[in-house]
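So that the names make sense, note that chain A is the first sequence line, chain B the second, and so on, each numbered from 1. Every heavy atom of this structure was used, including side-chain atoms; hydrogens, water molecules and symmetry mates were not.
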Amino acid sequence: MALFQQLRVSPAQVSLAAVLKCGQSFRWSIFPLPTPETKPEAGQGSLDTPLADALKGVPTHEYRLCLKDRVVCLQQSSDTLFYRSAFPDPQPSPAQRAEKEVETLAWIRDYFQMDVDLEDLYAQWALQDKVFAKFQDRFKGIRILRQDPWENLVSFICSSNNNISRITKMVHNLCKQFSPPLLSLPDPSDPSQTNTYHPFPPPSLLATPDVTGTLRTLGFGYRADYIQRTAKMLFDTHTAAPLSSGLREPSEVWLSGLRLQDTSKAREELLKFVGVGRKVADCILLMSLDKKEVVPVDTHVYQIAVKHYGLKGSSGGKVTMTPKLYDEVNARLQSLWGDYAGWAHSVLFTADLKIFSTYGLESSSPVKVQSTSKKAKKAKAITAVMGEPMSPLTPLPSPTQTPVKRKLEVVETVLETTELTTLAERIKRRKRGGKP
DNA sequence: CGGACACCATGG
DNA sequence: CATGGTGTCC
């Protein structure tokens with residue numbers, strides 16, 4: 001394969017460890033790197049080299065994602081994001097490879113939305129939300145990924161009544177089953193092993209009737225039917241010409257086109273698919289359709305909203321999340337956090353939900369329960385969140401609709417091409433005297 | 001339109 | 001027996 005390229009990035013801007021396994025994307029493969037039972041002892045020669053700098057924060061994991069035409073591999077240290085790509089067999093020439101790494105860099109910047117200054121956002125949220133202010137330090141670098149809409153749609157159809165670990169297995173199995181292998185790579189955790197990577201299957205490959213049965217054998221349960229029907233609906237409705245062998249099918253392109261529509265219109269389109277209710281639709285709007293202000297409301301978010309943000313908790317052991325209630329929670333949080341409300345939501349809810357369980361604080365701001373008064377009982381066991389066709393989403397008087405200025409924080413410097421070997425390996429060599 | 005329930009598999 | 005819901009039937 002090749003060399004790692006480097007991108008200067010603060011972990012406060014992006015934390016791969018937090019972002020890639022917090023329930024946004026379920027397709028990243030994560031490998032612990034062999035630990036260099038080596039701590040850079042002081043006085044061990046010059047520590048002012050670029051290499052020494054990198055050693056300060058040695059990557060502990062490698063993250064890999066299979067795209068349509070390549071596998072992207074990432075590692076992160078205390079100040080650098082390392083990246084490289086692997087390609088299927090007609091290996092590109094060195095010249096071509098250089099070009100392709102530029103493409104990969106472009107992909108990374110887009111996927112991680114590097115142009116959005118996360119630290120700025122944190123500062124703004126902390127200003128308006130005391131709860132956020134108190135815990136922001138524990139969730140540095142959590143940002144919303146800009147995912148592929150089709151993959152995002154299918155993945156979240158799988159998410160109903162489900163948990164992250166199972167969703168992850170399901171999505172991996174789906175790729176393995178329906179998409180031909182792109183290439184294989186040695187396992188970073190154990191180089192004697194090799195892993196095969198499959199791209200996410202396009203709509204056409206999931207649209208045939210037999211798919212339902214296959215998915216059921218893979219443990220998709222009732223979601224098997226939703227996925228097949230959704231794939232067929234999308235394919236039938238938006239595929240005019242026979243697949244132009246391109247990297248993306250027409251229906252996928254159409255779906256991505258929802259990025260240009262306004263939130264209500266895009267949501268309306270998403271809700272037409274079976275298996276997609278309000279919650280799932282909102283997740284897709286936020287995570288792949290550029291609707292940064294959308295706050296998906298699940299049972300957990302609702303409970304937290306009741307406990308810490310002054311929403312009325314109608315429950316008597318169980319609560320049905322009615323469309324109206326969903327909108328109230330949604331509107332309240334949106335008005336509290338502003339334009340990037342969906343991002344703030346992900347910081348507080350998709351990372352570590354446990355901190356809230358022990359956080360018994362009064363509501364952060366003088367939030368008053370909205371007009372609609374229901375029966376107020378004590379919140380205990382909430383169960384479901386319902387969906388409903390789009391709603392005007394009338395934001396309440398927003399405190400400070402802070403427009404975030406996009407400041408390029410990321411300095412993309414391809415300092416030195418790092419070797420293919422892991423940093424851990426380099427450390428060992430360095431300790432031995434610098435020879436391979 | 002609010003409410004009840006089935007749906008499927010896995011883990012506590 | 002509950003789980004980061006949705007579809008369907010009262």
Side-chain angles (χ1 to χ4, degrees), chain A residues 18-19 21-26 142 144-145 147 152-174 211-230 233 267-268 270-288 294-306 312 314-330 333 342 345-354 356-357 372-375 377 379-391:
Chain A
V19 170
K21 55 181 179 187
C22 70
Q24 288 191 57
S25 170
F26 301 96
I142 297 183
I144 293 294
L145 301 173
Q147 300 186 63
N152 196 213
L153 170 59
V154 175
S155 298
F156 278 79
I157 285 178
C158 295
S159 74
S160 69
N161 262 326
N162 214 340
N163 56 66
I164 293 178
S165 75
R166 185 156 81 107
I167 298 169
T168 299
K169 289 171 191 161
M170 288 165 67
V171 172
H172 275 92
N173 285 335
L174 179 145
V211 167
T212 303
T214 307
L215 285 177
R216 280 196 174 265
T217 62
L218 290 178
F220 279 63
Y222 60 87
R223 306 170 193 84
D225 194 48
Y226 294 163
I227 291 172
Q228 186 274 326
R229 289 168 61 194
T230 288
M233 186 186 311
R267 179 183 289 124
E268 183 182 354
L270 292 175
L271 290 172
K272 290 178 181 175
F273 298 110
V274 269
V276 178
R278 177 64 187 271
K279 196 276 185 171
V280 167
D282 280 359
C283 284
I284 298 166
L285 288 172
L286 173 65
M287 308 193 289
S288 65
V294 173
V295 180
V297 180
D298 57 35
T299 59
H300 200 83
V301 168
Y302 175 61
Q303 293 181 77
I304 301 304
V306 168
K312 68 168 185 286
S314 60
S315 73
K318 279 197 181 231
V319 164
T320 306
M321 178 62 74
T322 63
K324 177 182 291 186
L325 187 48
Y326 185 108
D327 282 338
E328 284 177 19
V329 175
N330 188 295
L333 295 178
H345 146 278
S346 104
V347 172
L348 291 182
F349 301 114
T350 67
D352 183 356
L353 312 172
K354 306 187 190 323
F356 284 105
S357 57
T372 27
S373 64
K374 273 290 179 58
K375 48 289 189 85
K377 307 167 189 172
K380 206 203 98 187
I382 286 74
T383 38
V385 177
M386 281 294 295
E388 190 240 21
M390 56 146 186
S391 60

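- Rounding to whole angstrom units, CG of residue A/Leu215 and C1' of B/dA9 are separated by 14 Å.
- Between the CG atom of A/Asn161 and the C1' atom of C/dG7 there is a distance of 12 Å, given to the nearest Å.
- The gap from the P atom of B/dC5 to that of C/dC1 amounts to 15 Å, rounded to the nearest Å.
- Within 4.0 Å (heavy atoms only), A/Phe273 reaches sugar-phosphate atoms of the nucleic acid but no base atom.
- Protein atom NZ of A/Lys169 is 19 Å distant from nucleotide atom P of C/dT3, rounded to whole Å.
- Looking at heavy-atom distances under 4.0 Å, A/Asn162 makes contact with sugar-phosphate atoms alone, never a base.
- Nucleic acid contact class of A/Val274 (heavy atoms, under 4.0 Å, all strands): sugar-phosphate only.
- Taking CZ of A/Phe156 as the reference point, atom SG of A/Cys283 lies at 5.0 Å (rounded to 0.5 Å).
- Of all the heavy atoms in A/Leu333 and A/Val295, the pair that sits closest is CD1-CG1, 3.9 Å.
- Taking the P atom of each, C/dG7 and B/dT10 are spaced 23 Å apart, rounded to whole Å.
- Evaluation of atom-type donor-acceptor distances gives no pair under 3.5 Å for the side chain of A/Tyr326 against the base of C/dG5.
- Residue A/Val280 has its side chain nearest to C/dT6 when only C/dT6, B/dG3, B/dC8 are considered.
- If you check every strand for non-hydrogen atoms under 4.0 Å, A/Arg223 touches a base.
- The nucleotide B/dA6 finds its pairing partner in C/dT6, both defining distances of the Watson-Crick or G-U wobble pair being shorter than 3.5 Å.
- Note on ring orientation: taking the six-membered ring where Trp is involved, the planes of A/His345 and A/Phe349 are tilted (angle from 30° to 60°).
- For the P atoms, the distance from C/dT6 to B/dG11 is 23 Å, rounded to whole Å.
- The distance from atom CZ of A/Arg166 to atom P of B/dG12 is 14 Å, rounded to the nearest whole Å.
- Remark: A/Phe26 CZ to A/Ser159 OG distance equals 6.5 Å, nearest 0.5 Å.
- Rounding to whole angstrom units, CG of residue A/Asp225 and P of C/dT6 are separated by 16 Å.
- Comparing B/dC8, C/dG5, B/dG3 by their nearest atom to the side chain of A/Lys279 picks out C/dG5.
- Nucleotide C/dG4 holds its C1' atom 4 Å from the CG atom of A/Asp298, rounded to whole Å.
- Distance CD1 (A/Ile227) to C1' (B/dA9): 14 Å, rounded to an integer number of Å.
- You'll find that the side chain of A/Tyr226 is closest to C/dT6, out of B/dC8, B/dG2, C/dT6.
- Summarising the geometry, atom OG1 belonging to A/Thr212 is positioned 9.0 Å from atom CZ belonging to A/Arg229; distances are rounded to the nearest 0.5 Å.
- Whole-Å rounding puts the A/Leu218 CG to B/dC8 C1' distance at 13 Å.
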